[in-house]
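Reviewing the structure listed below.
What's counted below: heavy atoms across the whole structure, side chains too, no hydrogens, waters or symmetry copies.
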Amino acid sequence: MSGIWMAYLITFGWALVGSVSMGLGIIIAIKMFDLSTKDVDEWELVKQGNIPIAIILASMIISLGIVVSSAIHP
């Protein structure tokens with residue numbers, strides 16, 4: 001029975017590592033994207049309904065998720 005609890009604990013630990021890594025990665029990636037496009041206010045354009053900018057930001061988040069998931073996969 002203790003083997004099952006250890007497996008749950010390990011799974012929970014990896015889930016915690018993954019979620020923290022993903023959160024920090026998204027913050028860093030979006031901040032770098034904002035710094036690289038100083039003349040464009042992406043968030044204001046998204047609020048105005050600019051779909052292409054929203055697609056670019058969403059693709060950044062998805063690609064970062066793929067990288068983080070492959071990096072923390074045991």
Side-chain angles (χ1 to χ4, degrees):
M1 189 71 173
S2 67
I4 292 173
W5 291 110
M6 188 58 132
Y8 281 137
L9 185 63
I10 290 171
T11 302
F12 181 74
W14 278 112
L16 187 63
V17 167
S19 60
V20 169
S21 299
M22 184 70 182
L24 290 175
I26 287 174
I27 290 170
I28 292 169
I30 290 180
K31 191 63 166 170
M32 288 176 59
F33 185 71
D34 281 340
L35 290 174
S36 67
T37 56
K38 290 185 179 186
D39 297 335
V40 180
D41 187 9
E42 294 88 7
W43 298 111
E44 187 60 37
L45 291 173
V46 169
K47 288 178 188 174
Q48 292 174 0
N50 193 336
I51 300 298
I53 295 292
I55 291 172
I56 290 171
L57 291 175
S59 65
M60 267 185 26
I61 292 171
I62 290 170
S63 62
L64 181 69
I66 291 170
V67 170
V68 168
S69 70
S70 66
I72 64 167
H73 193 270

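Checked options T11, I10, I4; the residue passing with Y8 is I4 (criterion: side-chain contact (heavy atoms from CB on, under 4.5 Å)).
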Check residues 20-33 and write down every donor-acceptor pair under 3.5 Å in which the side-chain atom is one partner and the other belongs to a residue at least two apart or another chain.
unit_1, atom_1, unit_2, atom_2, d
S21, OG, V17, O, 2.8

Using a 3.5 Å cut-off and no angle test, enumerate the donor-acceptor pairs between side-chain atoms of residues 41-51 and protein atoms at least two apart in sequence or in another chain.
unit_1, atom_1, unit_2, atom_2, d
E42, OE2, T37, OG1, 2.2

Side-chain donor/acceptor pairs under 3.5 Å, residues 58-67, sequence neighbours excluded:
unit_1, atom_1, unit_2, atom_2, d
S59, OG, I55, O, 3.2
S59, OG, I56, O, 2.8
S63, OG, S59, O, 3.0
S63, OG, M60, O, 2.9

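With sequence neighbours excluded, no residue satisfies ring-ring contact (aromatic ring centres under 6.0 Å, His included) with F12.
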